[in-house]
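Report on the following structure.
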Amino acid sequence: MSGVALGVYAVALVVLLGVRSWVQLRRTGSAGFHGISGTPAEAGWWGGVLIVVAMVLGVAGPLLAVLGVTPADPPLAMQVAGLALALTGFAVAVVGQTGMGSSWRIGVDLAERTALVTDGLFRLVRNPIFTAMVAAQLGVVLMVPTWVSAASLVALVAAVQLQVRTVEEPYLRSVHGAAYIAYAARTGRFVPGVGRLSAADGKVRT
């Protein structure tokens, strides 16, 4: 199953990054990559770095298991559940990317102005792609339960929290103002109903 996990992860990276950036480039003239924002003194910078770390460890986890460096032999039921979760998570991430249309990007350009997406999966949560990515990585951990795969999941969760809270939400508030606050007041951050903002002052409420 480690080989299956490696194949699924590799295909997901190609589709979520390679294919999506190619589609974005053809449609908008930009691949949508803005890189890592800020400096090492800022939390958002660490969020970007941790996303890269998570992806590297995400590949390394099943690869090292295939090579026998960190062997993994979980119960079959656990492997099957992990595969189903990983495939579902990656599929939902693709749907979320598609739903963003020309607003999709990796990283934030403070000078850029994109449309606020609130339909499709974004009616349920404000960050469905990140939620799906974390779910998919959890699936990989179930398939290949090694410390490397687990470290990838931890790095991804930390990266997502930092990126959303310190980079993307401040950017969206500055660009969309009251429209974003109203949207965030009725829509959870990663899970439906959880992490909504108060419409009155923009502070987080549960």
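Using a 4.5 Å heavy-atom cutoff, the side chains of Val175 and Tyr180 are not in contact. In this structure, the side chains of Val140 and Val8 stay at 4.5 Å or more apart for every pair of heavy atoms. A 4.5 Å side-chain heavy-atom check between Pro74 and Met1 finds every atom pair outside the cut-off. Arg173 has its side chain within reach of Leu197: a pair of non-hydrogen atoms, C-beta onward, lies under 4.5 Å apart. Considering only heavy atoms from C-beta on, Val134 stays 4.5 Å or farther from Phe190 through its side chain. Side-chain atoms of His176 and Tyr183, non-hydrogen and from C-beta on, never get closer than 4.5 Å to each other. Side-chain contact check for Asn127 versus Val160: every heavy-atom pair is 4.5 Å or farther apart. Using a 4.5 Å heavy-atom threshold, the side chains of Thr187 and Thr118 count as separate.
Taken together through direct or relayed side-chain contacts under 4.5 Å among Ile, Leu, Val, Met, Phe, Trp and Tyr, Val11 and Leu138 form part of one hydrophobic cluster. Cluster membership check: Leu142 does not share its hydrophobic cluster with Leu76, using side-chain heavy-atom separations under 4.5 Å among Ile, Leu, Val, Met, Phe, Trp and Tyr. Hydrophobic clustering of Ile, Leu, Val, Met, Phe, Trp and Tyr side chains at less than 4.5 Å, counting indirect connections, unites Leu156 with Leu6. Hydrophobic clustering, with ILVMFWY side chains joined whenever heavy atoms are under 4.5 angstrom apart, groups Val148 together with Leu13. No chain of hydrophobic side-chain contacts below 4.5 Å, direct or via other Ile, Leu, Val, Met, Phe, Trp or Tyr residues, connects Phe122 to Leu124.
Smallest separation of non-hydrogen atoms from Ala132 and Ala93: CB-N, 3.6 Å.
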Under the side-chain contact (heavy atoms from CB on, under 4.5 Å) rule, what do Thr114 and Tyr171 come out as? Steps first, then yes or no, please.
CA-CA 11 Å; Thr114 57; Tyr171 165 78; 4.0 Å; yes

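Remark: Arg113 CZ is packed, more than 12 non-hydrogen atoms of other residues, nucleotides or ligands lying under 6.0 Å away.
Annotation: the span from Met143 atom CE to Tyr9 atom OH amounts to 12.5 Å, rounded to 0.5 Å. In this structure, Leu83 CG and Met78 CE are separated by 13.0 Å, a value rounded to the nearest 0.5 Å. Expressed to the nearest 0.5 Å, how far CG of Leu172 lies from CZ of Arg126 amounts to 9.0 Å.
A donor-acceptor pair under 3.5 Å links the side-chain atoms of Ser149 to the main chain of Val144, judged by distance alone. Side-chain atoms of Arg26 do not come within 3.5 Å of backbone N or O of Trp22 as any donor-acceptor pair.
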Could you pull out every donor-acceptor pair under 3.5 Å between side chains of residues 41-64 and any protein atom, sequence neighbours left out?
residue : atom : partner : partner atom : Å
Glu42   : OE1  : Thr39   : N            : 2.8
Trp46   : NE1  : Pro40   : O            : 2.7

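Sorted by first and then second residue, the side-chain hydrogen bond (donor to acceptor under 3.5 Å, both in side chains) pairs with a member in residues 87-108 form an empty list; sequence neighbours excluded.
Under a 4.5 Å side-chain heavy-atom cut-off, the cluster of Ile, Leu, Val, Met, Phe, Trp and Tyr residues that includes Leu25 has no other member.
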